[in-house]
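These notes concern the structure reproduced below.
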Amino acid sequence: RARLCSQPRPPQLAERELAPMALGPGAGWKLRRAAEKQGKGKDSGRGRGGASDGSVASAGGGGGSVGGGQDGGADAGRSSGIRGGSRAGIAVGASGGGRHAKEAAKRRLMEANKRIAAFGQKKRLKEAIDLFEELIAEGLRPTVHTYTALMNAYVRNGDHAGARGLFNQMQAAGVEPNTVTFTTLLKSCCAKVDLTEAAELLVTMQEKGVEINVRTVNTFLRGCLCVGDIDRALDTFHTFVAEGALRADAPAYEAVVRLLAGALRTREAEALLAGLEVRSRRGGSSEELPPNLDPTLNPCPQLLLAESWAMLGNRKRARESLERAEELLKGGPPTGHAGAGSLESVDLFITHRWQELQRDAESVAHFLDTSAPGSGPVPGLAKSMGRFVYFRDPGLGDAASLPEVLESELDRAGLRGCRPRAAARARGAVRASLSGRGRLRVRSLLGVAVPVSVKVEICSGAGDWVVEQAKADADGAAWVALELRHDRCIQISRKAARADLSNLLVVGGDASHIVPRRLPKALATHVYVNFPEPPAWHEASGEVGATHLLTKRFLRSLSRLLVPGGALIIVSDNRSYLTSLMEAAGGLPAAFREAASTDEGGGRLRLEPGLPGVGEDTGLSAPFGESYFHRLWAMGSKKQKRFHLRLTRPPREGSSTAE
C-alpha cells in the first residue's frame, strides 16, 4: 500500500507544503477508511462540483503527445504575479451598492467564469489571467469556480507550476477547493508523470472531507496507465470501488484491465471482470450509466484479454474472449452518452473508437488463424521483450543504477509470461543496453552493424505506422519507436511480437529528455514526426500559449540524432503550425542545411504538399499509410490536405555514423 508515494517528491514544492499530504505505510488503510465514510453518507457537499456559473464541467481526458517542451510555457511564471493573492487583496464586490449592485456583480462574475473557462479550453492562458486580474481590480472576489476555471487553463497549457501556485493562492485567500478543483490539479500531476503528488492530493481530499468521485478516480487511473504503475492503480481501484462506495464506469475497468493485460497478468484481469459480472447481476447500484460508460457493454477489456491469451499461447481462452468481444461489437457503438462538449464530436469519437476496436478484433482473429499452433508463449514475445526499454523518469538516475531500473520495467510489460530462458536473455539484453555515459546501445539491442540504416519515429502512438514501415524494411533497415505512454509502448511491442519483427526497438518515455540524453548521437538516417499535436497560439499575434515538443531546443537535439546528411521529416495537416516550425528551423543554420542555404533549386526551406512518398530521400520503403490519429482526423476533420517539411543535417567531412 505504501507504494502510492514511493516516487521522489516534486522539487518545486517546499517541505511545509507536502507535510500534511505525506503518505506513510498506512496509506491504503487511509484510502479505504475515507471511502467507507463516504459510503455511509457523511456530508461531503463542500466537494461537489458542477456549477451554474460556467465552471469547468470535467477535468478528465489525457494526452499522449511526447514531451514537455523545454522552452515552452511563456506564462509559467505569471501565477505568482496574479494580483489579489492574499485574503486582504480580494474584496467582496459591490459591498455597499445595495441589492441591484450585488446582483450586477454576481452576473459579471458568472460571465467572467464562463469566459475564463472558454479561454482555458482554447489554451489561451494569457487572456484567462488578464480577465482574472480584471475581476480583482474591479473589487470582485473570485469564487472556487473562478479559480478552478483558471487552473484548468494552466493545466491545458502544460504549466503545472502555475496550477500548483494558484491552488496554494486560492487557499491563502480563504477559498476552499472542491472536487473539480482537486481533480483538475490531479490531472496536471498525472500529465507531468508525478503520481506521488497525485496520490498525496487524494489523501488531502479525504482529510478535508472533499468528495472523491469517479472522475477523480479515473483521472488517477489514467495517470497510472500512462506510466504503467499497476500497484497504485490496483490499490486505488480496490479502495474506492471493490471495497468502497463508488460505482466504477467503463473507463475505470478498462484502465485496470489494460494494465494487467499489458503485464500478461491475464487471470487477475479475468477475475476483475468476473467480479463486475457478479455485481451487475446483483444490481450493484440504482444509478444507471449511459451506454458508453457501462462497463458491461465495453468490448475493449475482452479484446485485451484475447490478445494476452494469444501471446501466452492459450488459443482456447483467446478465442473465448474474442467471441465475447465480437458479440458486444455486433451491437454497434453506443448511442447515448454523458459529458460536456459537442455531441457531434463525442459521437464521432465513439464511432471511431468502435471502428478501431473492430480493427483490433480482426487483427487478433487473423493472428489466431495464421499463427502456428504450439504450447507456450509465441516466439515473438520474448524477442520483443529484449527490445523494450522504458524510462519512467529519464531525467533522473545515473548510468550505474539505470540498468536495474530498466530491467524491472520488463515485468510491467509482460516478461513473466515468457519462458525462463527466453526471459533471462531479454533481461540480459536490457541490462547491457546502456553505455558508460548512460546512452542506449541501440545497434546492440537491434543486432545490426554500422552500415545498416537506423530510422526513428517520434511520438509513435499505438504503432500502426512504424510497425508497417519496419515490416517493409525487415531485410534492409532497423527502426526505433519512441512513445511517451507506457500503454502505447505495450501496444507497439505486441504488434511487433505478432509480426515476429527483429528490427524494431520500442523506447518509452519523454522524448524531450530521451533524445538528447539517452539516445546516441549521429544514430539515424531519418527521423519522422507524424502529425504532432500543435500548441495553441493566437494566430493574429503569433504568440504560442502552451508547451509543446518541437521547440528550437528539441529541433537541435533531433539534428544531433541524425547522421550528417540525414533527414528530419515532419508531416501535418496544420499548415500554420508547420509554417511556424519551418520559421523556427530557419533560425538554426548550424542544425539544418536548408536554414543556411540560398540555393533556389531546392535547398531552401519550404513546405511540400501531400505526404512523403517512397524513395531514398524520404527513407520510406512502404507507402506512408495510416495510423490511429490519421484515421480519426480523416473522419471528422475539415482539413483534408496534408503537408510535410524536410530538414537535413549539414554534411560534415570525416564524420562517422557509428554509435
**OP:** Could you give me the CA-CA distance, side-chain angles and deciding distance for Leu505 and Phe388, then say whether side-chain contact (heavy atoms from CB on, under 4.5 Å) is met?
**Re:** CA-CA 6 Å; Leu505 170 66; Phe388 183 94; over 6 Å; no
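- With respect to the salt-bridge test (charged N to carboxylate O, under 4.0 angstrom), the residues Glu483 and Arg485 do not qualify.
- By the salt bridge (Lys or Arg N to Asp or Glu O under 4.0 Å) test, Arg560 is found to be paired with no residue, residues two or more places apart in sequence or in another chain being considered.
- Under the rule for a ring pair (Phe, Tyr, Trp, His ring centres under 6.0 Å), His644 has no partner lying at least two apart in sequence or in another chain.
- In this view, Arg427 and Glu407, Asp411 satisfy the salt bridge (Lys or Arg N to Asp or Glu O under 4.0 Å) rule, not counting sequence neighbours.
- Here the shortest heavy-atom pairing between Leu501 and Ala470 reads CD1-CB, 4.0 Å.
- Looking at every heavy atom in both residues, Ala584 comes nearest to Lys552 through O-CE, 3.4 Å.
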Subject >> Audit row: Glu200, Cys189, side-chain contact (heavy atoms from CB on, under 4.5 Å) steps and yes/no >> reply: CA-CA 10 Å; Glu200 289 166 345; Cys189 296; over 6 Å; no
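- In terms of the side chain to side chain contact (heavy atoms under 4.5 Å, CB included) criterion, residue partners of Arg425 (sequence neighbours excluded) are, by chain and number, Arg421, Ala422.
- In this structure, the side chain of Arg387 engages the main chain of Ser502 through a donor-acceptor pair within 3.5 Å.
- Side-chain N or O atoms of His526 include one that pairs as donor or acceptor with a backbone N or O of Asp617 at under 3.5 Å.
- The heavy-atom pair separating Leu523 from Arg443 by the smallest distance is O-NH2, 3.9 Å.
- The distance from atom CD1 of Ile492 to atom CZ of Arg494, rounded to the nearest 0.5 Å, is 12.0 Å.
- One finds the CG atom of Leu578 at 9.5 Å from the CG atom of Asp573 (value rounded to the nearest 0.5 Å).
- Side-chain contact check for Leu647 versus Leu588: every heavy-atom pair is 4.5 Å or farther apart.
- Between atom CZ of residue Phe119 and atom CG of residue Asn152 there is a gap of 14.0 Å, rounded to the nearest 0.5 Å.
- Listed for the Ser493 side chain is no donor-acceptor partner under 3.5 Å among the backbone atoms of Cys489.
- Under the side chain to side chain contact (heavy atoms under 4.5 Å, CB included) criterion, Val527 pairs with Val456, Ile458, Ala524, Leu558, Leu561, Leu562, Leu568, sequence neighbours left out.
- Salt bridge annotation for Arg164-Glu197: present, with a cationic side-chain nitrogen under 4.0 angstrom from a carboxylate oxygen.
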**OP:** Evaluate the criterion side-chain contact (heavy atoms from CB on, under 4.5 Å) for residue pair Leu482 and Ile514; output intermediate values, then yes/no.
**Re:** CA-CA 9 Å; Leu482 183 52; Ile514 291 174; 3.9 Å; yes
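- Counting only distance, with no hydrogens or angles, the side chain of Ser433 and the backbone of Leu440 share no donor-acceptor pair below 3.5 Å.
- Residues satisfying the salt bridge (Lys or Arg N to Asp or Glu O under 4.0 Å) test with Glu583, not counting sequence neighbours, are none.
- At a threshold of 4.5 Å between non-hydrogen side-chain atoms, the residues Phe531 and Cys459 do not count as touching.
- Counting heavy atoms from C-beta outward, Tyr154 and Thr184 have side chains that stay 4.5 Å or more apart.
- In this structure Arg412 satisfies the salt bridge (Lys or Arg N to Asp or Glu O under 4.0 Å) test together with Glu409, sequence neighbours excluded.
- Remark: of the listed residues Asp229, Asp510, Leu195, Asp229 is the sole one forming a side chain to side chain contact (heavy atoms under 4.5 Å, CB included) with Arg392.
- With sequence neighbours left out, Gln469 forms a side chain to side chain contact (heavy atoms under 4.5 Å, CB included) with Trp465, Trp479, Leu620, Ala622.
- The closest donor-acceptor contact from the side chain of Asn503 to the backbone of Ala477 lies under 3.5 Å.
- In this structure the side chain of Val614 never reaches within 4.5 angstrom of the side chain of Ser621, judged on heavy atoms.
- Ala591 and Ser559 make their closest contact through O-OG, 2.7 Å (heavy atoms, listed as atom of the first residue, atom of the second, distance).
- Here the straight-line distance linking atom CZ of Arg606 with atom CZ of Phe643 works out to 14.5 Å at 0.5 Å rounding.
- Residues satisfying the side-chain hydrogen bond (donor to acceptor under 3.5 Å, both in side chains) criterion with Ser188, sequence neighbours excluded, are His160.
- Environment of CZ in Arg439: crowded, with over 12 heavy atoms of neighbouring residues, nucleotides or ligands closer than 6.0 Å.
- Side chains of Leu185 and Val155 form no contact here, defined as non-hydrogen atoms less than 4.5 Å apart.
- Residue pairs meeting the salt bridge (charged side-chain N to carboxylate O under 4.0 Å, His left out) criterion with at least one partner in residues 497-509, sequence neighbours excluded, are Glu307-Arg498, Lys383-Asp500.
- Residues Phe220 and Arg232 form a side-chain contact, since some pair of their non-hydrogen atoms from C-beta on lies under 4.5 Å apart.
- Counting all heavy atoms, side chain and backbone alike, Leu504 lies closest to Ala496 at CD2-CB, 4.0 Å.
- Remark: Gln491 CD to Asp487 CG distance equals 6.0 Å, nearest 0.5 Å.
- Residue pairs meeting the salt bridge (charged side-chain N to carboxylate O under 4.0 Å, His left out) criterion with at least one member in residues 452-465, sequence neighbours excluded: Lys455-Asp473, Asp464-Lys495, Asp464-Arg631.
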Original post:
Is there a salt bridge (charged side-chain N to carboxylate O under 4.0 Å, His left out) between Glu468 and Lys471 once you walk through the steps?
Top reply: CA-CA 5 Å; Glu468 290 303 314; Lys471 286 180 183 178; 3.3 Å; yes
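- Counting heavy atoms from C-beta outward, Leu225 and Arg258 have side chains that approach closer than 4.5 Å.
- How far CZ of Arg518 is from CZ of Arg437: 13.0 Å, rounded to the nearest 0.5 Å.
- Arg156 contributes a side-chain N or O that, together with a main-chain N or O of Gln121, makes up a donor-acceptor pair within less than 3.5 Å.
- Taking all atoms of both residues into account, the shortest heavy-atom contact from Gly586 to Pro589 is O-CD, 4.3 Å.
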Original post:
Yes or no on side-chain contact (heavy atoms from CB on, under 4.5 Å) for Val571 and Val529, after CA distance, side-chain angles and deciding distance?
Top reply: CA-CA 6 Å; Val571 180; Val529 187; over 6 Å; no
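- Panel note: side chain Thr551, backbone Phe554; a donor-acceptor pair is recorded below 3.5 Å.
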Original post:
Checking salt bridge (charged side-chain N to carboxylate O under 4.0 Å, His left out) for the pair Lys126/Glu133: CA distance, chi angles, key distance, verdict?
Top reply: CA-CA 11 Å; Lys126 181 179 182 299; Glu133 292 184 340; over 6 Å; no
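- Between the side chain of Arg649 and the backbone N or O of Phe592 there is no donor-acceptor pair closer than 3.5 Å.
- Every residue meeting the ring pair (Phe, Tyr, Trp, His ring centres under 6.0 Å) condition with His486, not counting sequence neighbours, appears here in chain and number order: Tyr390.
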